Amino acid sequence: MLRMSQLFLRTLRDDPADAEVASHKLLVRAGYIRRIAAGIYSWLPLGYITLRNIERIVREEMDRAGFQEVHFPALLPKEPYEATNRWSEYGPDLFRLQDRRGGDYLLGPTHEEMFTLMVKGEYSSYKDLPLTIYQIQTKYRDETRPRSGIIRGREFVMKDSYSFDIDDAGLQKSYDDHRDAYIKTFNRLGLKYSIVSAMSGAMGGSASEEFLAPCDTGEDTYVLCNSCGFAANVEAMSTKVLPQKFDTPPAIEVLDTPNTPTIESLVEVMNSKYQANITAADTLKNILLIADDQAICVLVPGDREVDLKRLQANLPGIQELRLFDDEDFSKRKELVKGYVGPQDAKRFGITLYADPRIQAGSHWITGANQANKHARFVTEGRDFTIDHYVEAAEVRAGDLCPRCDTPVVIDRAIEIGHIFQLGRKYAQSLDLTVLDKDGKPVVVTMGSYGIGISRAVAAIAEQTHDEIGLKWPREVAPADVHIVATGKDDEPFTKALEIGSELERAGLRTLVDDRRDPSAGVKFKDAELIGIPVIVVVGKGLVNGVIEVRNRWTNTKNEISLSSAITEIQAVVKSL
RNA sequence: CGGGGCGUAGCGUAGUGGCUAGCGCGCCUGGUUUGGGACCAGGAGACCGGAGGUUCGAAUCCUCUCGCCCCGACCA
């Protein structure tokens with residue numbers, strides 16, 4: 001039993017000035033967390049109980065699935081991370097430090113290397129596999145911009161697991177087991193979520209799915225089809241194009257279009273000067289980029305932007321991708337900024353990538369590769385040839401579902417879990433092999449699975465809070481029942497404590513507000529802010545032998561008789 | 001890293017060159033209250049983020065610096 005008179009807690013009446021999102025404001029106001037530095041928070045008793053509840057649920061579901069818990073240090077030497085190149089590849093997001101002898105260390109951002117090496121150190125036979133191990137660990141990433149309180153911190157608690165299998169079928173099974181365990185876990189956490197494809201699968205069929213908790217303040221955007229249930233990260237969304245037949249257009253016509261470097265101005269000039277009656281979607285946008293030192297051109301319909309994140313995700317071989325800058329344009333005089341067209345790409349030695357909407361045989365209004373001139377009837381297959389199709393255009397609400405052709409909606413969400421088939425990347429670079437039946441070494445294939453534990457606190461708060469405060473699902477809440485004693489006599493207070501102890505004996509967790517000083521109103525406000533789902537008020541009803549039970553979830557209150565209080569409260573808790 | 005904003009008591013804030021830096025919440029003491037963030041009286045708590053400068057005089061002006069928030073870029 002927690003007692004408010006003893007609890008290390010101070011609630012705040014005003015929103016903290018540095019908080020923007022609801023979870024952040026409420027967790028601070030209700031005394032769950034306090035900020036220490038940007039993206040770094042301390043947990044006070046109520047918050048820490050809540051965090052540990054989530055940890056416990058995750059742990060129970062992992063254990064039930066047969067996965068085993070281990071624990072690595074957060075402070076790690078650089079050597080394993082050098083072996084996989086991540087010491088350099090991870091870049092400035094890695095927290096690095098040195099010991100007194102000048103040795104390089106890091107604060108672990110994720111632990112693939114350590115898990116791989118641990119297995120390598122212990123196991124060497126196919127008979128030892130499959131194996132899945134996990135840990136719950138504090139992770140560190142020096143994010144360029146931590147934000148939204150606890151949603152994106154630089155220090156955060158994460159559960160990460162890794163599966164080890166001898167072959168692809170085994171990996172698939174381990175992956176599916178994890179997926180099931182995650183479904184059970186998030187259901188218990190009381191989160192609404194979508195399971196969303198995260199990668200196009202173009203790369204060796206490596207499956208990857210994200211568990212996204214929809215909410216307005218989420219920082220991930222994803223696509224959802226309300227008709228068939230298809231859900232995908234925008235990067236993984238594939239464009240659905242209804243095939244069209246095109247008549248053969250006349251030969252290319254070059255037109256004078258002075259001062260029309262933008263699509264908008266082009267459409268204006270075409271319609272006013274040439275009576276073309278077109279929209280931006282009839283024009284072709286040619287975006288020049290440098291992809292690992294090679295110039296490439298990406299073609300999208302003129303009414304769409306190129307989504308660089310999507311493009312990057314769909315160009316797996318490319319490490320660095322950036323837009324042409326003025327210097328690039330000045331180095332290649334044949335490419336006229338604002339008047340680029342695909343028809344001379346071969347001659348210019350530029351690879352053409354195109355959005356699937358640039359269909360075979362389609363024709364477009366586009367740049368003429370001369371200043372102040374555009375060309376029309378520029379036809380795919382005749383005047384230019386696409387080298388590769390790529391998902392590069394921004395995804396919009398109303399685009400067609402790739403599975404059932406229904407217009408999709410776009411939603412925002414917080415990523416709370418991610419499962420994916422890592423394959424042999426780490427096993428290879430760290431040389432994790434086991435002997436197979438024939439005594440031959442085979443490289444182990446791995447899966448990697450994460451749940452943001454501290455982030456889940458915020459995600460739940462975002463999804464469940466209301467105007468007056470937090471509102472926790474029962475298993476997550478810092479207690480099952482919040483008992484408020486009111487009045488100036490001793491009786492409600494002794495009674496409240498009595499009920500508290502009886503409920504504890506019956507297996508419920510309770511928080512009793514036994515403070516004598518604050519008025520009833522203050523205690524009600526605090527109870528609502530703190531968000532324990534069942535609030536019991538012991539006060540003026542006592543003379544009639546009744547107390548009041550409030551349910552934050554159904555937003556109802558009932559008077560119940562003192563004599564049956566324990567069973568009735570238990571029933572309400574159970575009903576949640 | 002680019003753009004914008006902000007640092008004044010534990011929290012929220014007022015104060016744009018001139019008295020002892022003001023108010024609300026919270027905190028302490030005493031009293032009245034006790035079912036919706038009560039009231040009265042008294043009190044503690046701030047080197048105004050830091051350094052340097054201008055000035056008779058700086059929270060206030062200038063320079064530098066540190067920190068924080070938001071948008072963007074970035075994010076296994």
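In this text the structure is predicted, and so the values were computed from the model without any measurement. In what follows, chains are A, B, ... by sequence order, proteins preceding strands, each numbered from 1.
A side-chain N or O of A:Thr110 and one of A:Glu112 form a donor-acceptor pair less than 3.5 Å apart. Judged purely by distance below 3.5 Å, without hydrogens or angles, the side chains of A:Gln135 and A:His111 pair a donor atom with an acceptor atom.
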Return the polar atom pairs (N/O with N/O) between nucleotides 34-41 of chain B and the protein under 3.5 Å, or none.
residue : atom : partner  : partner atom : Å
B:U34   : OP2  : A:Lys488 : NZ           : 2.9
B:G35   : O2'  : A:Lys540 : NZ           : 3.3
B:G35   : N7   : A:Thr486 : OG1          : 3.1
B:G35   : N7   : A:Lys540 : N            : 3.4
B:G35   : O6   : A:Lys540 : N            : 3.2
B:G35   : N1   : A:Glu548 : OE1          : 3.4
B:G35   : N2   : A:Glu548 : OE1          : 2.6
B:G35   : N2   : A:Glu548 : OE2          : 3.2
B:G35   : N2   : A:Arg550 : NH2          : 3.1
B:G36   : O6   : A:Arg550 : NH1          : 2.1
B:G36   : O6   : A:Arg550 : NH2          : 2.9
B:G36   : N1   : A:Glu528 : OE2          : 2.7
B:G36   : N2   : A:Glu528 : OE1          : 2.3
B:G36   : N2   : A:Glu528 : OE2          : 3.1
B:G37   : O2'  : A:Arg13  : NH1          : 2.1
B:G37   : O2'  : A:Arg13  : NH2          : 2.9
B:G37   : O6   : A:Arg29  : NH2          : 2.8
B:G37   : N2   : A:Asp526 : OD1          : 3.1
B:A38   : OP2  : A:Ser519 : OG           : 2.8

Give me the distances for all protein-to-nucleotides 73-75 of chain B N/O pairs that come in under 3.5 Å?
residue : atom : partner  : partner atom : Å
B:A73   : N1   : A:Thr144 : OG1          : 3.1
B:C74   : O2   : A:Thr144 : OG1          : 2.7
B:C74   : N4   : A:Arg147 : NH2          : 3.1
B:C75   : O2   : A:Arg152 : NH1          : 2.6
B:C75   : O2   : A:Arg152 : NH2          : 2.5
B:C75   : N4   : A:Lys309 : NZ           : 2.8

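Where pairing requires Watson-Crick or G-U contacts shorter than 3.5 Å, the helical stems of RNA chain B with at least three consecutive pairs are B:1-7 with B:66-72, B:10-13 with B:22-25, B:27-32 with B:38-43, B:49-53 with B:61-65.
B:G22 and B:G43: their P atoms are spaced 14 Å apart (whole Å). Comparing the C1' positions of B:G42 and B:G12 gives a spacing of 24 Å, expressed to the nearest Å. Atom C1' of B:A46 sits at a distance of 14 Å from the matching atom of B:G15, rounded to the whole Å. Look at the P atom in both B:C39 and B:G49: the space between them is 32 Å, to the nearest Å. B:C28 and B:U20 are spaced 32 Å apart, taking the P atom of each and rounding to whole Å. For the C1' atom pair drawn from B:U54 and B:C62, the interatomic distance equals 7 Å after rounding to whole Å. Nucleotides B:G18 and B:A59, compared at atom P, are 11 Å apart to the nearest Å. Across B:C70 and B:G57, the matching P atoms stand 41 Å from one another, rounded to whole Å.
Distance A:Arg34 CZ to B:G12 C1': 13 Å, rounded to the nearest Å. In this structure, A:Asp18 places its CG atom 14 Å from C1' of B:G10, rounding to the nearest Å. B:G26 atom P lies 14 Å from atom CG of A:Leu9, rounded to whole Å. Between the CG atom of A:Asp14 and the P atom of B:A14 there is a distance of 12 Å, rounded to whole Å. Following rounding to the nearest Å, A:Arg35 (CZ) and B:G7 (C1') show an atom-to-atom distance of 11 Å. Atom pair A:Arg322:CZ and B:G2:P shows a separation of 18 Å (rounding to whole Å applied). A:Arg10 has its CZ atom 9 Å from the C1' atom of B:G10, to the nearest Å. Separating the NZ atom of A:Lys25 from the P atom of B:C11 is a distance of 18 Å, rounded to the nearest angstrom.
Atom CD of A:Glu327 sits in a sparse spot, with 12 or fewer heavy atoms from other residues, nucleotides or ligands closer than 6.0 Å.
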Should A:Phe115 and A:Tyr134 be marked as a ring pair (Phe, Tyr, Trp, His ring centres under 6.0 Å) after you check the CA-CA gap, both sets of side-chain angles, and the distance that decides it? CA-CA 9 Å; A:Phe115 275 87; A:Tyr134 75 95; 8.9 Å; no
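A cation-pi arrangement is absent between A:Arg86 and A:Tyr426, since the terminal nitrogen or guanidinium carbon is not both under 6.0 Å from the aromatic centre and inside a 45° cone about the axis. A cation-pi arrangement is present between A:Arg516 and A:Phe493 under the rule of less than 6.0 angstrom and at most 45 degrees off the ring axis.
Place A:Glu20 and A:Arg86 on RNA chain B by their nearest nucleotides, and A:Glu20 ends up nearer the 5' end.
Residues A:Arg412 and A:Glu219 are not paired through a salt bridge, judged by the lack of any N-O separation under 4.0 Å between the basic side chain and the carboxylate. Under a 4.0 Å N-O distance rule, the pair A:Asp328/A:Arg322 qualifies as a salt bridge. Ion pairing between A:Glu69 and A:Arg59 holds under the 4.0 Å rule for side-chain N and carboxylate O. Electrostatic pairing of A:Arg154 and A:Asp142 counts as a salt bridge here, judged by a charged N lying under 4.0 Å from a carboxylate O.
Note on residues 415-429 of chain A: pairs passing salt bridge (Lys or Arg N to Asp or Glu O under 4.0 Å), not counting sequence neighbours, are A:Asp168-A:Arg424. For residues 73-97 of chain A, no residue pair satisfies the ring pair (Phe, Tyr, Trp, His ring centres under 6.0 Å) rule, not counting sequence neighbours.
In this structure, A:Ser148 reaches the sugar-phosphate backbone alone: every heavy-atom distance under 4.0 Å involves primed, P, OP1 or OP2 atoms, never a base.
The side-chain hydrogen bond (donor to acceptor under 3.5 Å, both in side chains) check on A:Asp104 picks up A:Lys78, A:Gln98, with sequence neighbours excluded.
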